[in-house]
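Notes to accompany the following structure.
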Amino acid sequence: MEKKYRAKQASDSLLVGALLSVSGGLQDAYTYNVRDEVFANAQTGNIVLLGQNLMLGNWEIALRYLMPLIAFAGGVYMAEVIHTRFHSRGIAMHWRHAVLLVEIILLMGVSWMPQSWNLPANMLVSFVCAMQVEAFRELEGSSYATTMCIGNLRSAMENLYYWRKTGEDSRRHKAAVYFIVIVFFLAGAAAGGVLSQSWGEAAILLCCLPLLLAFALMLRIRDRRLRFLSLMTGAEEDEAMVNGGEEPGQEP
């Protein structure tokens with residue numbers, strides 16, 4: 001029983017994944033509708049548009065897609081820097097909490113940027129998306145993404161097929177989880193698309209609400225898990241417990 005509980009991260013819950021997916025959908029809708037039709041999350045689309053404009057000699061437009069791509073790469077790197085260097089001995093914080101706080105602060109900064117600052121705004125949102133997709137990669141033990149849907153859709157249909165073929169309840173459950181995440185991403189994108197029309201630059205603040213809720217939920221789950229482990233083992237909370245069983249530099 002203890003082993004099973006220790007294996008479960010606070011970030012691994014379906015509700016946290018759903019909240020992060022809502023924020024991911026909002027972010028993509030925001031940059032497309034408010035910030036020059038650039039994708040914050042779907043860097044494949046940005047690469048396609050970058051290559052197209054480079055071939056056409058549209059250097060200024062190409063830069064619009066190149067810089068968010070570079071920022072996305074930087075966000076992945078920064079998430080790993082936080083993972084490696086964030087020490088939380090003696091407190092109920094985790095490196096993923098630090099990632100969420102950085103996301104919220106940067107997104108709040110984007111809300112104050114005028115249209116003339118669209119390029120740096122898109123870079124910051126892409127940076128945030130990359131940190132999120134790097135930090136939150138597992139949901140109930142399976143790989144997933146909170147800022148894009150293609151991998152989730154593939155996994156959902158794969159598990160749906162094997163459930164129909166084998167009748168395994170675990171496959172049905174996994175398929176349902178992936179579909180739920182996709183629906184929440186869709187809901188975030190829909191809300192972001194509609195509210196961006198009326199809220200303009202400030203619409204990015206909507207993304208902060210699900211991130212704050214995810215932060216609070218992770219703290220609650222983490223605190224409850226640590227209390228349970230302390231009760232079961234009769235020992236003080238050690239560094240491995242506080243760090244969620246992860247050592248700096250290891251995969252989450």
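Position 1 is the first residue of the sequence; numbering continues from there.
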Seminar exercise, completed: Output for pair (C208 SG, E103 CD), nearest 0.5 Å, gives 9.5 Å
Problem set entry | Any donor-acceptor pair under 3.5 Å from T31 side chain to V38 backbone | yes
For this session: Dump the intermediate steps for side chain to side chain donor-acceptor pair (under 3.5 Å) on E134 and H83, then the final yes or no.
Result: CA-CA 10 Å; E134 180 67 9; H83 182 195; over 6 Å; no
Problem set entry | Check: N152 side chain, A145 main-chain N or O, donor-acceptor pair, under 3.5 Å | yes
Exercise. Are I82 and M131 side-chain neighbours, meaning at least one heavy-atom pair lies under 4.5 Å?
Worked result: yes
Exercise. Under the side chain to side chain donor-acceptor pair (under 3.5 Å) criterion, do E80 and T84 qualify, and how do the steps go?
Worked result: CA-CA 6 Å; E80 286 305 313; T84 301; 5.0 Å; no
For this session: State yes or no: do M67 and V76 share one hydrophobic cluster built from I, L, V, M, F, W and Y residues joined by side-chain heavy-atom distances below 4.5 Å, directly or via other members?
Result: no
Exercise. Between V110 and R35, is any pair of side-chain heavy atoms under 4.5 Å apart?
Worked result: yes
For this session: Classify the angle between the aromatic ring planes of Y32 and F39 as parallel (below 30°), tilted (30 to 60°) or perpendicular (above 60°).
Result: parallel
Problem set entry | Nearest heavy atoms of V22 and P210, plus distance in Å | CG1-CG, 4.2 Å
Exercise. Less than 4.5 Å apart, any side-chain heavy atom of Y77 and any of V81?
Worked result: yes
Exercise. In Å and rounded to the nearest 0.5 Å, what is the OG1 to OH distance from T166 to Y161?
Worked result: 9.5 Å
For this session: Mind checking ring-ring contact (aromatic ring centres under 6.0 Å, His included) for F127 and listing every partner two or more places apart, or none if nothing turns up?
Result: none
For this session: Kindly indicate whether the side chain of F136, heavy atoms from C-beta on, has any atom under 4.5 Å from the side chain of R96.
Result: yes
Problem set entry | With L26, the side-chain contact (heavy atoms from CB on, under 4.5 Å) member among L205, L211, L206, L107 | L206
For this session: Drop me the distance from S196's OG to I204's CD1, to the nearest 0.5 angstrom.
Result: 8.0 Å
Exercise. Can you check whether S155 reaches K174 side chain to side chain, under 4.5 Å on heavy atoms?
Worked result: no
For this session: Name all pairs fulfilling the side-chain hydrogen bond (donor to acceptor under 3.5 Å, both in side chains) condition that reach into residues 42-54, sequence neighbours left out, sorted by first residue then second.
Result: Q43-N46, N53-N58
Seminar exercise, completed: Taking every heavy atom of M218 against every heavy atom of V16, the minimum-distance pair comes out as CG-CG2, 3.8 Å
For this session: Might you point out which heavy atoms bring G192 and A29 nearest each other, and give the distance in Å?
Result: C-CB, 3.8 Å
Seminar exercise, completed: CG of L160 to CZ of R164, rounded to nearest 0.5 Å, is 7.0 Å
For this session: Quick one: closest heavy-atom pair of P68 and L119, and the distance?
Result: CD-CD1, 4.3 Å
Problem set entry | Shared hydrophobic cluster, L19 / I105 (ILVMFWY, side-chain heavy atoms < 4.5 Å) | no
Problem set entry | Exam field: side chain D28 to backbone A189, donor-acceptor pair closer than 3.5 Å | no
Problem set entry | Closest approach of C207 to S23 (non-hydrogen atoms, all atoms of both residues) | O-OG, 3.3 Å
For this session: Find the distance between CG (L15) and CG (L213) and round it off to the nearest 0.5 Å.
Result: 8.5 Å
For this session: List the steps and the verdict of side-chain contact (heavy atoms from CB on, under 4.5 Å) for N159 and W163.
Result: CA-CA 6 Å; N159 281 284; W163 168 59; over 6 Å; no
For this session: Establish whether W112 and V102 are linked, either directly or via other cluster members, by ILVMFWY side-chain heavy-atom contacts under 4.5 Å.
Result: no
Problem set entry | Flag, side chain of Q132 to backbone of L20, donor-acceptor distance under 3.5 Å | yes
Exercise. Do P120 and L124 come within less than 4.5 Å of each other through their side chains, counting heavy atoms only?
Worked result: no
For this session: For the pair N118 (side chain) and Q115 (backbone), establish whether a donor and an acceptor sit closer than 3.5 Å, ignoring hydrogens and angles.
Result: yes
Problem set entry | G24 backbone acceptor or donor facing N41 side chain under 3.5 Å | yes
Problem set entry | ILVMFWY cluster, V99 and L101 together (side-chain gap under 4.5 Å) | yes
Problem set entry | ILVMFWY network linking Y144 to Y162, side-chain heavy atoms under 4.5 angstrom | no
Seminar exercise, completed: In short, S21 meets V181 closest at the heavy-atom pair OG-CG1, 3.0 Å
Exercise. More than 12 heavy atoms of other residues, nucleotides or ligands under 6.0 Å from CG of L56: is that the case?
Worked result: yes
Exercise. Is the number of heavy atoms from other residues, nucleotides or ligands within 6.0 Å of CZ (F179) greater than 12?
Worked result: yes
Exercise. Which distance, rounded to the nearest 0.5 Å, do you find between the CG of L63 and the CG of L50?
Worked result: 9.0 Å
